[in-house]
Visitor: 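Take a look at this one; I'll ask things after.
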Amino acid sequence: MSTKTLRIPTADGQADAFAAFPDGGERHPGVLLYADAFGDRPVLREMARELAGHGYYVLVPHFLYRNGPAPLVELPEHIGEEARSAIIARLMPLIEEHLVGERVESDADAFLRFLVAQPEVGAGPVGVTGYCIGGLLAVRTASAFPEQVAAVAGFHCPVVADGPEGLHRMLSKITAQVHLGHAETDLTPEALGELNRALDAAGVSHTSEIYPGTVHGFTMADTDAFNASGLERHWNRLLPLLDRALAG
């Protein structure tokens with residue numbers, strides 16, 4: 001397994017990034033991985049390495065690069081509930097600022113261009129996945145660049161954050177295969193039904209489900225929210241999705 005740190009040129013500067021990919025000099029399908037609110041850290045890099053071990057070039061960009069290099073705040077080795085609340089309070093204004101206007105789409109364009117230009121990345125479409133706010137960024141990337149993104153996944157992500165009209169606009173442009181894995185505490189069964197009907201109405205090929213017994217952040221092993229069975233279910237959904245969409 002090879003890893004490297006990189007700098008991605010964007011319209012507003014340079015985003016630091018982490019990449020993981022198989023050894024051997026061959027070219028592999030590219031996957032853009034958006035971190036959760038806490039950003040690039042050991043657990044995210046381990047997840048990138050895990051995914052790369054299945055035959056992908058995985059790029060993890062620091063999407064809040066305008067506010068400084070990662071990490072933007074000092075993170076404890078384990079993010080307990082008390083620390084989580086304080087950290088989120090500091091990061092949320094930056095995240096909210098990032099979501100308005102054209103920043104997400106402009107950065108996604110730069111990230112995708114950089115990803116497919118890497119010598120270890122093969123020709124063809126790419127996959128995008130994300131966690132928490134990164135899941136929303138992943139879905140917005142798939143919506144903005146349907147000709148490039150063949151698979152998109154989001155886990156414990158606020159995909160309905162922009163309301164019904166914003167959701168419809170976003171979903172209507174997606175041609176990728178989609179999987180959404182929701183925390184039990186993030187979405188009621190009724191809200192899940194509304195979301196899935198919106199996906200159907202937009203003609204999106206999808207699976208979208210609540211992961212039983214999970215809370216927001218369940219994939220992250222360095223937080224109190226971590227749920228081992230939820231993480232395993234996430235891999236059992238993500239890997240086949242990427243294989244179907246990107247194989248060959």
Side-chain angles (χ1 to χ4, degrees), residues 1-23 25-53 55-73 75 91 94-155 157 176 238 242 246:
M1 180 66 58
S2 296
T3 62
K4 62 173 70 170
T5 55
L6 301 159
R7 302 279 287 175
I8 303 175
T10 76
D12 292 326
Q14 290 194 324
D16 41 314
F18 174 80
F21 50 94
D23 293 324
E26 297 180 356
R27 302 175 76 190
H28 301 276
V31 176
L32 183 62
L33 189 159
Y34 286 107
D36 61 357
F38 301 125
D40 180 21
R41 60 194 191 281
V43 70
L44 257 298
R45 294 189 175 200
E46 180 56 37
M47 293 174 78
R49 286 190 288 266
E50 172 75 17
L51 183 52
Y56 299 100
Y57 183 106
V58 183
L59 180 67
V60 185
H62 172 46
F63 60 84
L64 294 178
Y65 66 91
R66 293 175 181 84
N67 303 105
L72 291 178
V73 299
L75 297 174
L91 291 175
L94 308 181
I95 292 170
E96 291 173 348
E97 182 182 18
H98 181 69
L99 292 177
V100 300
E102 302 299 323
R103 282 186 177 185
V104 173
E105 288 71 26
S106 175
D107 285 351
D109 184 32
F111 297 160
L112 291 172
R113 288 176 184 273
F114 186 87
L115 174 62
V116 300
Q118 299 311 297
E120 301 89 356
V121 175
V126 304
V128 188
T129 187
Y131 305 87
C132 180
I133 193 62
L136 177 58
L137 300 183
V139 177
R140 284 181 62 170
T141 297
S143 176
F145 300 97
E147 71 285 354
Q148 289 181 264
V149 180
V152 60
F155 300 92
C157 63
L238 177 60
L242 295 175
L246 305 183

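Values reported hereafter were calculated over all heavy atoms of this structure, with side chains retained and with hydrogens, waters and symmetry mates removed.
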Visitor: Are the side chain of Asp16 and the backbone of Ala70 linked by a donor-acceptor contact shorter than 3.5 Å?
Guide: yes
Visitor: Using 0.5 Å steps for rounding, measure from the CZ atom of Arg41 to the CD atom of Glu46.
Guide: 13.0 Å
Visitor: With side chain to side chain contact (heavy atoms under 4.5 Å, CB included) as the test, pick out the partner of Phe63 among Ile133, Val104, Asp40.
Guide: Ile133
Visitor: How close do Pro9 and Ala110 get, counting heavy atoms only, and between which atoms?
Guide: O-CB, 3.5 Å
Visitor: Taking ring-ring contact (aromatic ring centres under 6.0 Å, His included) as the cut-off, I'd like each qualifying pair that reaches into residues 116-136, sequence neighbours left out, listed once.
Guide: Tyr131-Phe155, Tyr131-His234
Visitor: Where the side chain of His62 meets the backbone of Gly68, is there a donor-acceptor pair that is under 3.5 Å apart?
Guide: yes
Visitor: Nearest 0.5 Å, please: how far is CZ in Arg66 from CZ in Arg103?
Guide: 4.5 Å
Visitor: Heavy atoms only: give me the nearest Cys132-Ala37 pair and the separation to one decimal.
Guide: SG-N, 4.2 Å
Visitor: Residues two or more places apart in sequence or in another chain: which of them pass side chain to side chain contact (heavy atoms under 4.5 Å, CB included) with Arg113?
Guide: Asp109
Visitor: At what distance, to the nearest 0.5 angstrom, does CG of Leu91 lie from NE2 of His98?
Guide: 12.5 Å
Visitor: To the nearest 0.5 Å, what is the distance between CZ on Phe114 and CG on Leu59?
Guide: 6.5 Å
Visitor: Which atoms form the tightest heavy-atom contact between Ile8 and Pro61, and what is the distance?
Guide: CD1-CB, 4.0 Å
Visitor: Compile the donor-acceptor pairs under 3.5 Å between side chains in residues 137-154 and protein atoms, sequence neighbours left out, one pair per line.
Guide:
{"unit_1": "Arg140", "atom_1": "NE", "unit_2": "Glu105", "atom_2": "OE2", "d": "3.1"}
{"unit_1": "Arg140", "atom_1": "NH1", "unit_2": "Leu99", "atom_2": "O", "d": "3.1"}
{"unit_1": "Arg140", "atom_1": "NH2", "unit_2": "Glu105", "atom_2": "OE1", "d": "3.2"}
{"unit_1": "Arg140", "atom_1": "NH2", "unit_2": "Glu105", "atom_2": "OE2", "d": "3.2"}
{"unit_1": "Thr141", "atom_1": "OG1", "unit_2": "Tyr34", "atom_2": "OH", "d": "2.8"}
{"unit_1": "Thr141", "atom_1": "OG1", "unit_2": "Leu137", "atom_2": "O", "d": "2.8"}
{"unit_1": "Ser143", "atom_1": "OG", "unit_2": "Met170", "atom_2": "O", "d": "2.8"}

Visitor: Test side chain to side chain contact (heavy atoms under 4.5 Å, CB included) on Leu44 and Phe18; report intermediate values, then the result.
Guide: CA-CA 10 Å; Leu44 257 298; Phe18 174 80; over 6 Å; no
Visitor: Shortest non-hydrogen contact from Pro71 to Leu75?
Guide: CB-CD1, 4.5 Å
Visitor: If you measure from CG on Leu115 to CG on Leu33, what distance do you get to the nearest 0.5 Å?
Guide: 11.0 Å
Visitor: Have a look at Tyr57 and tell me which of Leu51, Val121, Leu32, Val116 forms a side chain to side chain contact (heavy atoms under 4.5 Å, CB included) with it.
Guide: Val121
Visitor: For Lys4 versus Leu6, what's the shortest heavy-atom pair and its separation?
Guide: CD-CD2, 3.3 Å
Visitor: Within the 4.5 Å heavy-atom criterion, are Arg49 and Thr3 side-chain neighbours or not?
Guide: yes
